[in-house]
Amino acid sequence: MADQCLFCRIASGEIPAKIVAEDATCIAIRDVNPQAPVHVLVIPRAHVASLNEVTSPALMADVLQMAREVAKQEGIAASGYRVVFNTNSDGGQSVIHLHAHVLGGRHMGWPPG
Ligand code: DGP
């Protein structure tokens, strides 16, 4: 399963992406279909299907730490941003590999669509 997974293949470098940050645990790439002026995906290198399958709090800390660093690097930390984990069908998850969307550079409406 993991060897067929799009985000596993991006994280391994097999499929190219616009990388904005990376470390031993996670990679951050620009979303191919951006929904805001800044739209970056933070992806753990290890294959975890969704938030439901996370067993390591440390993994979530690593993902959120990189999301925060990306927001600073992209210049949206002070103006504000949104971090979203779409989860399963009703949550709108289309790629079944855990990822955080970091969205900013415009005002975000509420409630989300
Ligand atoms: P979600 O729907 O929450 O599973 O988000 C998946 C996101 O991944 C979606 O916003 C589009 C993005 N995406 C899909 N395929 C690719 C790809 O090949 N490269 C990049 N950079 N982003 C992708």
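Sequence positions, counted from 1, serve as the residue numbers for this chain. Not measured: the values here are computed from a predicted model.
Going from atom CG of N52 over to atom CG of N88 covers 5.5 Å, rounded to the nearest 0.5 Å. With rounding to the nearest 0.5 angstrom, the CZ atom of R30 is 8.0 Å from the NZ atom of K18.
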Using atom types as modelled, flag every donor-acceptor pair under 3.5 Å from a side chain in residues 20-28 to any protein atom, sequence neighbours excluded.
| unit_1 | atom_1 | unit_2 | atom_2 | d |
| --- | --- | --- | --- | --- |
| E22 | OE1 | R45 | NH2 | 3.0 |
| D23 | OD1 | T25 | N | 2.9 |
| D23 | OD1 | C26 | N | 2.8 |

Run the side-chain donor-acceptor check on residues 99-113: report pairs under 3.5 Å with partners two or more places apart or on a different chain.
| unit_1 | atom_1 | unit_2 | atom_2 | d |
| --- | --- | --- | --- | --- |
| H99 | ND1 | H97 | O | 2.6 |
| H101 | ND1 | H39 | NE2 | 2.8 |
| H101 | NE2 | N86 | ND2 | 3.4 |
| R106 | NE | Q35 | O | 3.3 |
| R106 | NH2 | Q35 | O | 2.7 |

Which atom pairs, one a donor and one an acceptor, fall under 3.5 Å between side chains of residues 61-71 and the rest of the protein, sequence neighbours left out?
| unit_1 | atom_1 | unit_2 | atom_2 | d |
| --- | --- | --- | --- | --- |
| Q65 | OE1 | R68 | NH2 | 2.9 |
| Q65 | NE2 | E69 | OE2 | 3.3 |
| E69 | OE2 | K72 | NZ | 3.4 |

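What you find for H47 and I96 is that their closest heavy atoms are CE1-O, 3.2 Å.
Cluster annotation: L41 and I76 are assigned to distinct hydrophobic clusters (Ile/Leu/Val/Met/Phe/Trp/Tyr, side-chain heavy-atom contacts under 4.5 Å, transitive). In the hydrophobic clustering of ILVMFWY residues, with side-chain heavy atoms under 4.5 Å counting as a link, F7 and F85 come out apart.
In this view, E53 and S50 satisfy the side-chain hydrogen bond (donor to acceptor under 3.5 Å, both in side chains) rule, not counting sequence neighbours.
Counting only distance, with no hydrogens or angles, the side chain of Q93 and the backbone of V95 share a donor-acceptor pair below 3.5 Å. No side-chain donor-acceptor contact under 3.5 Å links S12 to the backbone of I10. The backbone N or O of L6 lies less than 3.5 Å from no partner atom in the side chain of E14, so there is not a single donor-acceptor pair.
Under the 4.5 Å side-chain criterion, counting only non-hydrogen atoms from C-beta, V48 is in contact with L59.
Listed by first then second residue, pairs satisfying ring pair (Phe, Tyr, Trp, His ring centres under 6.0 Å) with a partner in residues 55-80 number zero, not counting sequence neighbours. Pairs of residues two or more places apart, or lying in two chains, never qualify as salt bridge (charged side-chain N to carboxylate O under 4.0 Å, His left out) while including a residue from residues 75-102.
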Subject >> Working for side-chain contact (heavy atoms from CB on, under 4.5 Å), residues L98 and V54 >> reply: CA-CA 9 Å; L98 179 72; V54 171; 3.8 Å; yes
